[in-house]
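Notes to accompany the following structure.
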Number of protein chains: 2
Amino acid sequence: MPSDAIRAALIRRLRISSAIADEDIREIEALPISVRQYPAETAVVRDGERATDCCLIADGFCARSKTIASGKRQILSLHIPGEIPDLMSLFLHVMDHDLSTLTAATLGFISHETLQKLHRRRPVVAEMFWRDTLIDAAMFREWIVNVGQRPAPARLAHVMIELRERLRIIGRVDGASFEMPLTQEQIGEALGITAVHANRVIRQLREEGIVELHRGRVTVLDERKFLQLADFDGRYLHQSPTL
Amino acid sequence: MPSDAIRAALIRRLRISSAIADEDIREIEALPISVRQYPAETAVVRDGERATDCCLIADGFCARSKTIASGKRQILSLHIPGEIPDLMSLFLHVMDHDLSTLTAATLGFISHETLQKLHRRRPVVAEMFWRDTLIDAAMFREWIVNVGQRPAPARLAHVMIELRERLRIIGRVDGASFEMPLTQEQIGEALGITAVHANRVIRQLREEGIVELHRGRVTVLDERKFLQLADFDGRYLHQSPTL
DNA sequence: GGACGTCCTTAACTTTTGTTGGAACCCGGT
DNA sequence: ACCGGGTTCCAACAAAAGTTAAGGACGTCC
């Protein structure tokens with residue numbers, strides 16, 4: 001994938017949540033990015049490490065997670081092309097969680113130094129990236145609610161719909177189906193349940209004719225039931241720059 | 001409480017996580033703040049509202065929460081004097097959650113306009129506040145882990161220790177005891193369990209001689225057991241500006 | 001094309017947590 | 001001093017989720 005296409009995905013996403021001037025877009029397009037390939041299931045940055053770059057996903061899926069002393073892992077967020085999952089490392093240099101690939105991925109790295117210089121030169125760009133980290137935090141808030149208050153089937157539906165709404169922005173939803181390349185183990189880690197229970201819940205949603213999950217692809221069978229179960233209100237994604 | 005004391009609490013807290021120049025401190029001290037009193041259990045800003053100010057806690061405890069369609073409420077974070085719990089509203093104008101007082105509180109309001117002007121004038125101050133919102137997000141990540149992966153007794157212990165470590169910064173820990181003015185209903189909402197189960201867990205920790213919770217005050221009975229149970233690693237609080 | 005590993009699937013059983021309902025306690029107001 | 005409302009506390013039962021164990025599907029590598 002050419003480096004230009006990567007930038008385009010980023011800019012498309014930023015435009016959804018912030019109004020950007022053409023001049024600022026040119027600045028972002030001029031950002032030096034070094035591209036690297038990663039296999040599936042590989043750590044990009046680890047908890048405790050000191051980051052010097054931010055990572056822009058050009059292609060593939062990533063996830064952030066934390067592992068506790070007992071060895072249990074919690075997935076905190078899923079990430080798709082055009083996103084910068086570790087933007088927070090710009091000012092929180094020591095990572096407090098892991099960032100890793102779910103699928104094979106193409107990642108672009110932008111140095112903290114470059115970004116900080118750009119921010120000083122163009123405060124509006126800084127605000128746009130700041131806003132991006134705030135939306136990240138808003139998604140964490142909703143994730144807390146999901147894990148803390150919703151029954152397991154609703155949790156799964158909610159995570160699916162959030163992912164779908166984000167994939168939609170980058171044109172990656174194909175009718176009633178979209179990618180969600182997680183194993184049942186990982187789905188459990190995202191929802192705060194065990195893999196066995198994740199399996200039960202997936203089966204239940206299939207048997208009730210709501211949604212089908214097969215080989216990393218979600219197919220919605222009954223959109224109305226699906227939305228109702230998920231209790232989804234996308235306001236927290238803050239996708240409107242005018243507000 | 002005089003307006004100066006409020007600023008002092010804010011600056012003390014910011015100093016813990018960022019290095020600040022004297023000149024920037026003077027700028028923060030010069031910020032116009034309008035102070036207001038709130039009774040306990042009162043909404044400061046509500047989900048869906050458009051915020052025009054940020055709220056600095058001068059005195060008292062606050063909490064952020066979200067309520068889902070079924071009526072269940074999830075507490076997302078607790079806040080203590082010196083903090084600005086809705087700093088995120090600076091760039092995410094429409095609230096995606098509630099901010100309310102737990103106890104009677106004195107709150108200082110700083111307009112978004114004032115803050116944005118200060119940021120343009122002093123990019124370093126902007127970065128410091130940005131960092132503050134990033135730490136906020138880091139605390140959400142840990143909260144996800146808490147609710148998602150730890151058994152209920154560990155969840156309670158973890159929330160208690162997080163609160164204690166933050167109270168320590170502002171000199172509000174008195175030996176083995178500190179304030180935690182939540183009802184058992186609210187503790188349940190914070191931990192993602194019911195009030196009845198919260199009561200069970202509190203009783204269990206008391207019977208095991210680990211920690212006592214009485215009338216909004218926590219008293220640690222066995223520090224070693226307490227720490228071990230909570231599985232607490234404070235790195236996510238990012239309290240060292242040098243890193 | 002067989003062996004291996006990973007993931008998915010399911011069942012049986014255990015533990016944790018939710019639900020319901022009620023009694024005791026505490027505090028503020030009259 | 002007494003009342004009333006909100007907590008706190010508790011027990012019995014129901015439901016949800018965790019644990020353990022084991023077979024089956026599928027893809028990959030020799």
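- In plain terms, the two heavy atoms of B:Ser89 and B:Asp53 that are nearest each other are OG-O, 3.7 Å.
- A:Tyr236 and A:His158 have parallel rings, their planes meeting at less than 30° on a 0 to 90° scale where 60° marks the start of perpendicular.
- At the heavy-atom level, A:Gly188 lies nowhere under 4.0 Å from the strands shown.
- Within residues 195-204 of chain B, the residues that place at least one heavy atom under 4.0 Å from DNA chain C are, in residue-number order, B:Val196, B:His197, B:Arg200.
- Here the C1' atom of nucleotide D:dG18 and the CD atom of A:Gln184 are 16 Å apart, to the nearest Å.
- The heavy-atom pair separating A:Arg73 from A:Ile75 by the smallest distance is NH2-CD1, 3.9 Å.
- Rounding to whole angstrom units, CG of residue A:Leu182 and P of C:dT6 are separated by 18 Å.
- The side chain of B:Thr194 lies closest to C:dG18 when the candidates are D:dT7, C:dG18, C:dC7.
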Review item, nucleotides 23-30 of chain D N/O atoms under 3.5 Å of protein N/O:
residue	atom	partner	partner atom	Å
D:dC26	O3'	A:Arg215	NH2	3.3
D:dG27	OP1	A:Arg215	NH2	3.2

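- The shortest non-hydrogen separation linking A:Thr219 to A:Ser177 is OG1-CB, 3.6 Å.
- If you check every strand for non-hydrogen atoms under 4.0 Å, B:Gly216 touches nothing.
- The two residues A:Ala58 and A:Ile6 have their closest heavy-atom pair at CB-CG1, 3.3 Å.
- Between A:Asp136 and A:Arg64, at least one side-chain nitrogen of the basic residue sits less than 4.0 Å from a carboxylate oxygen of the acidic one, meeting the salt-bridge criterion.
- Separating the CD atom of A:Gln149 from the C1' atom of C:dT17 is a distance of 13 Å, rounded to the nearest angstrom.
- Spacing between atom CD1 of A:Ile193 and atom P of C:dT16 amounts to 18 Å, rounded to whole angstrom units.
- Closest approach of A:Met160 to A:Phe178, counting heavy atoms only: O-CZ, 3.5 Å.
- Residues A:Leu78 and A:Trp143 form a side-chain contact, since some pair of their non-hydrogen atoms from C-beta on lies under 4.5 Å apart.
- Going from atom CD of B:Glu207 over to atom P of D:dC9 covers 11 Å, rounded to whole Å.
- For the side chain to side chain contact (heavy atoms under 4.5 Å, CB included) with B:Glu179, the qualifying choice from B:Arg164, B:Arg215, B:Arg172 is B:Arg172, the only one to do so.
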Short heteroatom pairs, N/O only, protein and nucleotides 23-25 of chain C, under 3.5 Å:
none

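- If you take CG of A:Leu156 and P of D:dA16, they are 16 Å apart, rounded to a whole angstrom.
- D:dG18 atom P lies 10 Å from atom CG of A:Leu191, rounded to whole Å.
- Under 4.0 Å is where a charged nitrogen must lie from a carboxylate oxygen, and between B:Arg150 and B:Glu142 at least one such pair does.
- Of all heavy-atom pairs spanning A:Leu99 and A:Cys55, the tightest one is CD2-SG, 4.2 Å.
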